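A short write-up of the structure that comes next.
Fair warning: this is a prediction, and the values are worked out from it, not measured in the lab. Order of the sequence lines fixes the chain letters, A, B, ..., with proteins taken first and strands second; residue numbering starts at 1 for each chain. Basis for what follows: all heavy atoms, side chains included, without hydrogens, waters or symmetry-related copies.
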Number of protein chains: 2
Amino acid sequence: MTRKRISKQLRAGRRTVSELVVVRLILYRRILRDLAFSGTRYVFSHQLAALADVTPEQLRRDLMNVRYEGSPTRGYEVVVLEECIGAFLDPPSTQAVALVGVGNLGRALFAYFLGRRPLLQIVAAFDIDPAKVDRMINGCPSYHISEARTVMRERGINVAMIAVPAAAAQSVADTLVEAGVRSLLNFADVRLRLPPDVYVEHIDIGVTLEKVAFFARRPAGVEREAGSP
Amino acid sequence: MTRKRISKQLRAGRRTVSELVVVRLILYRRILRDLAFSGTRYVFSHQLAALADVTPEQLRRDLMNVRYEGSPTRGYEVVVLEECIGAFLDPPSTQAVALVGVGNLGRALFAYFLGRRPLLQIVAAFDIDPAKVDRMINGCPSYHISEARTVMRERGINVAMIAVPAAAAQSVADTLVEAGVRSLLNFADVRLRLPPDVYVEHIDIGVTLEKVAFFARRPAGVEREAGSP
DNA sequence: TGCTAGCTGTGAAACGCATAACAGCGTTCG
DNA sequence: CGAACGCTGTTATGCGTTTCACAGCTAGCA
Ligand SMILES: NC(=O)c1ccc[n+]([C@@H]2O[C@H](COP(=O)([O-])OP(=O)(O)OC[C@H]3O[C@@H](n4cnc5c(N)ncnc54)[C@H](O)[C@@H]3O)[C@@H](O)[C@H]2O)c1
Ligand SMILES: NC(=O)c1ccc[n+]([C@@H]2O[C@H](COP(=O)([O-])OP(=O)(O)OC[C@H]3O[C@@H](n4cnc5c(N)ncnc54)[C@H](O)[C@@H]3O)[C@@H](O)[C@H]2O)c1
C-alpha cells in the first residue's frame, strides 16, 4: 500500500469516535502543548505515548483519526500535531459553559478554570442561595437558578457543570435540559436520569476514593492505572 | 445444575475482580444504603439496575462476586445485600487517608468528606505553605510536607489524595511513595510516573470538561453515559 | 549508490467486557 | 394440585478495544 493513501477511517471523517479515543486525544494535545512550551520540536510515538501512559501502538491508532502523518525519521512535529488534534476536537470558536452551585466545589472549579482553557469559559453561574446570586464571581455573573432558562438561551450555553447537593441535582438537571443544555458534567453523587440525547458525565469523587482505597489493600498484583476522565 | 452450588468464581473469592466491577459494586452499595434509609426492604435486579444505570444482567453478573443470593420471588434483601457487598469491598476497619495540598480544591474535599463515609477518613493534611500547616483543618491536623514520611508511617496511612499544582504533583507523589503509600488519587493535571505496585487514579477535571464539551456538539447519535469513577 | 536501521500506518489476531440466552426454582393462579 | 410465570444465577455469544505483527518509507552511512 502506498503511503499517499487516505484510509477509509480517515475519509469517514470523525464519523464514529469512541469516547476513549476522544479522552486520549485531549490528553495528547495537552501534553503536546507542554512540549511545545518547553521548546520541543519533534516527538516520536513512543515518547509521547510514555508521557500519556499508553502504548505507542495505541497512540498511533488514535492519531489515525486526525488528519496528520508523522515522519518515520523525525516523528511528529509537535505544534502541527497539536493543531491537527485541535482541528479534530474542534471547539468551533469559544464554547460557553455554565456552573450551577457556587458552594465549596463550585468556587474551587472557578479558581481552576480561571485563565486556562481559553476556548472553554464559564460565562454564567447559578445558585439558589440569595446571598450568592446577582453579583460577580471571578468576573462572571451569578444568577438565581430560576433565571437559568432565560440566561442559557440568551447566551447560547449548552454545556453545564452541576455542583449542587445530591438532593437537588436531578431537579437542577431537569431545569438545565429544559433550558436547552446538550451535555452535563455532574459532580453530585447521584446518577442522573435524563433524555438520551443529553450527554452526561459523572465525576463521582466519593466512589473513586473508595475504589482507590480498595486497591490499596490488594495482594499486590493489579498495577493498572486507569484514567478516570 | 442445582441451585445450592457455589460457582468457581465465588469459590475463588475475590481473586480477580475488574476495576469496573469494583466501581459498580461501590455504586450499588451506595444506592442500597439510600434504599435502606428510605425503608425499602427488597429490591429486584431490574430495579437496582435502573437506579445504577446498568442492565439487570450486568448487575447480576457483578453480584456473582459477592457471597449472597437473592430470592427469585422477593429479589434481594436490601440490608443483607448491602452488608455482603460491604464484606466484599472490605474496609477492614476504618481506613486512613491523607490529603496533600490544602488549596481551593483541598478545602472543598475536606468539606465533602466531612461526616460521610465513616470508614474512610482524612486523618492528616499536608501542605508546603507555612500559613497552612501546624494547625487544625476541619478537626484534622495539618503538617508540613516534609513531615509526610514520619506522619504517614506513624499513623499507618497508605492512601492519599493529591491536590497540589501540577508542577509539584510528581515530586509530592514521589515523597508519598517513599512514605509507603499504596495508592493515590491525583487531581493535578499531570500523568504521574510511579512504581507499578502503587495504584494511581487520575481525576482530570479539565480533560473531562473538554470531553463533555466535545460531545455537546455531536450530530446527535452517541447517547452513552459513561461513569467516570 | 546500495544497505541498514528505525520509525510510521494499518490489517489482523487476541483479549476483556457487556449482552443475550438459558436452566432452576419459588410462587401464584387456574 | 399442576402448570405457567417471573426472577435469579450462569453459561455462551458478540462486540469494541487493545495488542501484535508487518509493509512501506526516509534518512544516514559505508
Ligand atoms: N466539595 C467537594 O470537594 C466535592 C467533591 C465531590 C463531590 N461533591 C459534590 O458536589 C456537590 C456540591 O458540593 P459542595 O461541597 O460544593 O456543596 P456546598 O453545600 O458547599 O454547595 C452547594 C451549593 O449549591 C447551591 N444549591 C443548592 N440547591 C440548589 C439548587 N436547587 N439550585 C441551585 N443551587 C443550589 C447551594 O446554595 C450551595 O451554594 C455535592 O453534591 C457534593 O456531593 C463535592
Ligand atoms: N480547584 C479545582 O477545582 C481543581 C479542579 C481540577 C483540578 N485541580 C487541580 O488540583 C490542584 C490544586 O488545585 P487548587 O485549585 O486547589 O490549587 P491551589 O493553588 O488553590 O492549592 C494548591 C495547594 O498546594 C500547596 N502546595 C504547593 N506545592 C506543594 C508541595 N510541593 N507540597 C505540598 N503542598 C504544596 C499550595 O500551598 C496550595 O495550598 C491543581 O493541580 C489543579 O490543577 C483543581
So, is [X] close to the [N] phosphate, meaning a side-chain N or O under 4.0 Å from OP1 or OP2?
X: Tyr42(A); N: dA27(D); result: no
X: Arg60(B); N: dG9(D); result: no
X: Ser71(A); N: dT26(D); result: no

Could you state the [atom1]-[atom2] distance from [X] to [N], rounded to the nearest angstrom?
X: Tyr68(B); N: dG9(D); atom1: OH; atom2: C1'; answer: 13 Å
X: Arg74(B); N: dT27(C); atom1: CZ; atom2: C1'; answer: 10 Å
X: Phe44(B); N: dG9(D); atom1: CZ; atom2: P; answer: 12 Å

Using the test side chain to side chain donor-acceptor pair (under 3.5 Å), find all partners of Gln95(A) that sit at least two apart in sequence or belong to another chain.
Arg217(B)

Looking only at heavy atoms, what is the nearest atom pair of Val200(A) and Leu194(A), with distance?
CG2-CD1, 3.3 Å

Pairing of Asp53(B) and Arg193(A) as salt bridge, 4.0 angstrom limit
yes

Before accepting this row, confirm whether a basic side-chain N of the pair Arg24(A)/Asp62(A) lies closer than 4.0 Å to the acidic partner's carboxylate O.
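Salt bridge flag = yes for Asp62(A) with Arg24(A).
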
Minimum-distance nucleotide (side-chain atoms of Pro72(A) versus dC7(D), dG24(D), dA21(C))
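Of the candidates, dG24(D) comes closest.
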
For Ala36(B), all residues meeting side-chain contact (heavy atoms from CB on, under 4.5 Å), sequence neighbours excluded:
Val78(B), Val79(B), Glu82(B)

Strictly under 3.5 Å: I want the nitrogen or oxygen pairs between protein and nucleotides 17-19 of chain C, one per line.
{"from": "dC17(C)", "atom 1": "OP1", "to": "Ser18(B)", "atom 2": "OG", "distance (Å)": "3.3"}
{"from": "dA18(C)", "atom 1": "OP1", "to": "Arg24(B)", "atom 2": "NH1", "distance (Å)": "2.9"}
{"from": "dA18(C)", "atom 1": "OP2", "to": "Arg24(B)", "atom 2": "NH2", "distance (Å)": "3.1"}
{"from": "dA18(C)", "atom 1": "OP2", "to": "Gln58(B)", "atom 2": "OE1", "distance (Å)": "3.2"}
{"from": "dT19(C)", "atom 1": "OP2", "to": "Thr55(B)", "atom 2": "OG1", "distance (Å)": "3.4"}
{"from": "dT19(C)", "atom 1": "O4", "to": "Arg61(B)", "atom 2": "NE", "distance (Å)": "3.1"}

For the helix from dT1(C)-dA30(D) to dG30(C)-dC1(D), measure the angle between the helix axis at one end and the axis at the other, each built from five pairs, rounding to 10°.
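For the helix from dT1(C)-dA30(D) to dG30(C)-dC1(D), the axes at opposite ends meet at about 20°.
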
So which pairs with a foot in residues 109-123 of chain B pass side-chain hydrogen bond (donor to acceptor under 3.5 Å, both in side chains), sequence neighbours left out?
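Pairs touching residues 109-123 of chain B that pass the test: Asp189(A)-Tyr112(B), Asp189(A)-Arg116(B), Glu210(A)-Arg117(B), Tyr112(B)-Arg117(B).
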
Under 4.0 Å between any heavy atoms, over every strand shown, what does Thr73(A) touch: base, sugar-phosphate, or nothing? Just pick one.
base

Should the pair Tyr199(B) and Phe215(A) be assigned to parallel (<30°), tilted (30 to 60°) or perpendicular (>60°) ring geometry?
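Because their plane-to-plane angle is under 30°, the rings of Tyr199(B) and Phe215(A) count as parallel.
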
Applying ring-ring contact (aromatic ring centres under 6.0 Å, His included) to Phe44(A) and not counting sequence neighbours gives His46(A)

